[in-house]
There are 2 protein chains.
Amino acid sequence: MVPPVRAIAAANVNGVRAASVKGMLDWLAATDADVICLQEVRARPDEVPVALRELLDAHGWHLRMAPSETAKGRNGVAVLSRAEPEAVRIGFGDPASDLDGRYLEVDLPGGLTVASLYLPKGVAGTDRQDAKDAFCKTFADHLRTAFDRCAVTGREMVVAGDWNIAPTERDLRNWRNNQRNSGFLPYEREWFAALLAHGWSDVVRDLHPDTDGPYTWWTYRGRAFDNDVGWRIDHVLTTPGVAAAATGAVVQRAASHDARWSDHAPVLVRLGGAG
Amino acid sequence: MVPPVRAIAAANVNGVRAASVKGMLDWLAATDADVICLQEVRARPDEVPVALRELLDAHGWHLRMAPSETAKGRNGVAVLSRAEPEAVRIGFGDPASDLDGRYLEVDLPGGLTVASLYLPKGVAGTDRQDAKDAFCKTFADHLRTAFDRCAVTGREMVVAGDWNIAPTERDLRNWRNNQRNSGFLPYEREWFAALLAHGWSDVVRDLHPDTDGPYTWWTYRGRAFDNDVGWRIDHVLTTPGVAAAATGAVVQRAASHDARWSDHAPVLVRLGGAG
DNA sequence: CATGCCAAG
DNA sequence: CTTGTCATG
């Protein structure tokens with residue numbers, strides 16, 4: 001008997017060590033998600049705080065990590081699941097990024113594959129943008145291949161994390177001022193749109209077709225959070241079966257500035273009935 | 001009418017920006033010292049916290065600084081005085097160290113010269129020890145010259161700060177274990193003893209001839225502070241006239257671990273009668 | 001085990 | 001503005 005996945009969350013924690021002493025543990029203890037994709041963990045397995053490890057053990061979570069092997073204290077993705085993964089894959093077969101702690105896939109019982117993604121940030125006009133662009137190019141190949149394979153095998157898939165791209169004008173507060181900034185470049189938006197055209201679903205947008213945002217990231221600089229000057233760059237993309245099962249999606253924005261434990265807020269997608 | 005100097009303090013603040021938010025301001029507001037020599041300020045004048053600047057203004061302090069021009073965020077000495085300095089000299093004429101933020105002399109009204117010293121730390125057997133040794137060699141020349149000049153001019157002088165040398169076995173907790181460590185090397189102790197032989201007075205030791213310590217520095221590592229595993233490396237050296245006027249000397253060790261605002265404690269020397 | 005720097009976000 | 005790193009103490 002396979003435990004059902006009732007909800008999937010994505011959270012860029014901006015350093016699991018800092019987040020653990022700022023409230024992430026309370027969020028984890030209270031969440032009803034069955035799978036959580038973490039980004040910017042910025043720690044190796046042996047650097048995970050004891051308090052977090054104990055919480056995971058106490059609540060029966062399985063932790064799978066893909067830390068950066070190329071620069072310590074950077075990047076790093078992980079998947080938490082209440083069910084034990086049947087298989088784990090680090091990277092997507094891209095020698096340029098596989099060791100950077102940006103992509104981790106786990107196969108869960110019941111025919112669901114969940115991936116945690118931390119797409120490079122990029123700074124327009126720099127070599128960091130070139131790296132982001134190169135990542136996107138090879139990653140799109142992986143996503144197309146994976147989608148098509150799911151279509152024939154009947155497997156379902158979720159790719160959740162920090163995509164560092166706001167897909168449309170409604171996905172950031174000041175889109176006019178950001179048309180030349182990385183994360184909202186026209187060709188980045190086209191890249192994202194092509195994924196949806198291929199069949200992937202942006203379930204948060206599908207469930208909130210008429211709202212601005214909901215934003216998932218606010219810079220720490222200035223009063224961005226208090227004024228809700230944010231970007232929607234954390235996304236949950238799914239194959240059609242998961243999208244059809246999605247019954248709700250929320251961004252868990254902190255109640256106050258002081259209650260924040262990351263510059264991102266968790267994105268939670270609910271699947272199936274009220275059962 | 002020249003205001004008398006009733007007390008002189010030396011304090012290695014280990015970063016004036018951190019110290020200012022950890023209790024140094026309360027100490028400053030309460031001290032009855034008229035001259036304070038600061039070490040490891042680790043800030044340029046424009047980086048001095050506003051709260052400290054306001055306190056100095058409110059209490060009528062004059063601030064003279066010698067920040068490091070060679071490495072930002074390092075070293076840095078300063079002198080605070082209630083009387084306005086008549087002259088200020090950065091360095092002691094040593095091209096190898098004058099721009100490193102290690103020595104600052106001010107001439108105060110009344111014929112008193114006060115110097116703030118931050119002697120290099122050194123690590124035995126490394127080039128950093130070589131740099132410390134070289135500093136000591138040229139600095140001893142300066143101290144001898146200055147002492148002799150005071151003897152003929154009738155001027156008095158105080159050199160206060162972090163000397164990074166424990167002069168005798170009573171000046172650190174575990175002297176046996178430290179005979180090969182920088183700060184307690186035999187030739188460093190001999191160097192210090194030679195200054196006293198020349199006529200300089202170590203007023204804290206003179207006023208506490210029979211006690212261990214009082215220690216002025218405890219490493220942040222382990223439980224050194226709680227167990228009083230410290231070193232007496234912050235010293236106030238004076239010409240004979242000041243030494244004769246010294247009526248008391250205390251190390252202002254924090255009441256608790258949490259009340260500390262530096263890894264060093266201030267050293268306070270009182271001059272003259274109870275008036 | 002702290003400091004302030006740095007590159008990155 | 002915040003993260004974790006680093007050299008220095």
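First the proteins, then the strands, lettered A, B, ... as listed; each starts at 1.
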Using a cut-off of less than 4.0 Å, is there contact between a side-chain N or O of Arg17(A) and OP1 or OP2 of dT5(D)?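 Yes, Arg17(A) has a side-chain N/O under 4.0 Å of OP1/OP2 on dT5(D).
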N or O in side chain of Lys22(A) less than 4.0 angstrom from dT2(D) OP1/OP2: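 So the side-chain polar atoms of Lys22(A) never come under 4.0 Å of the phosphate oxygens OP1 or OP2 of dT2(D).
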With no hydrogens and no angle check, do the side chains of Asp94(B) and Tyr103(B) hold a donor and an acceptor under 3.5 Å apart?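 No, no side-chain donor-acceptor contact under 3.5 Å.
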Atom pairs and distances, donor-acceptor, side-chain atoms in residues 17-29 of chain A, under 3.5 Å, two or more places apart:
from	atom 1	to	atom 2	distance (Å)
Arg17(A)	NH2	Arg42(A)	O	2.7
Ser20(A)	OG	Val16(A)	O	2.7
Trp27(A)	NE1	Gln252(A)	OE1	2.7

5'-most by nearest nucleotide on DNA chain D - Tyr220(A) or Val16(A):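 Nearer the 5' end of the strand: Tyr220(A).
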Rounded interatomic separation in angstrom, taking [atom1] from [X] and [atom2] from [N]:
X	N	atom1	atom2	result
Met24(B)	dT3(C)	CE	P	14 Å
Arg102(A)	dA8(C)	CZ	C1'	11 Å
Trp217(B)	dC1(C)	CH2	C1'	11 Å
Tyr118(A)	dT3(D)	OH	P	14 Å
Asn164(A)	dA8(C)	CG	P	15 Å
Asp162(B)	dT8(D)	CG	P	17 Å
His257(A)	dC1(D)	NE2	C1'	9 Å
Asn14(B)	dC5(C)	CG	C1'	14 Å

Look at the side chain of [X] and decide which nucleotide, out of [options], has an atom nearest to it.
X	options	answer
Arg42(B)	dC5(C), dG4(D), dT3(C)	dT3(C)
Ala18(A)	dC5(C), dG4(C), dG4(D)	dG4(D)
Arg74(A)	dA8(C), dT5(D), dC6(C)	dA8(C)
Arg221(B)	dT2(D), dT3(C), dC1(C)	dC1(C)

With heavy atoms under 4.0 Å as the rule, sort Asp263(B) into base, sugar-phosphate or nothing.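 Touches nothing.
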At 4.0 Å (heavy atoms only), tell me whether Phe225(A) reaches a base, stays on the sugar-phosphate, or touches nothing.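 If one applies the 4.0 Å heavy-atom cut-off, Phe225(A) turns out to touch nothing in the nucleic acid.
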Which of parallel (below 30°), tilted (30 to 60°) and perpendicular (above 60°) describes Trp163(A) and Phe139(A)?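 Tilted: the ring planes of Trp163(A) and Phe139(A) meet at 30° to 60°.
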Does any part of the side chain of Tyr118(A), heavy atoms only, come nearer than 4.5 Å to the side chain of Ser97(A), both counted from C-beta?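 No, side chains not in contact.
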Hey, do the aromatic rings of Phe225(B) and Tyr215(B) have their centres closer than 6.0 Å?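 No, the ring of Phe225(B) stays outside the 6.0 Å limit from the ring of Tyr215(B), centre to centre.
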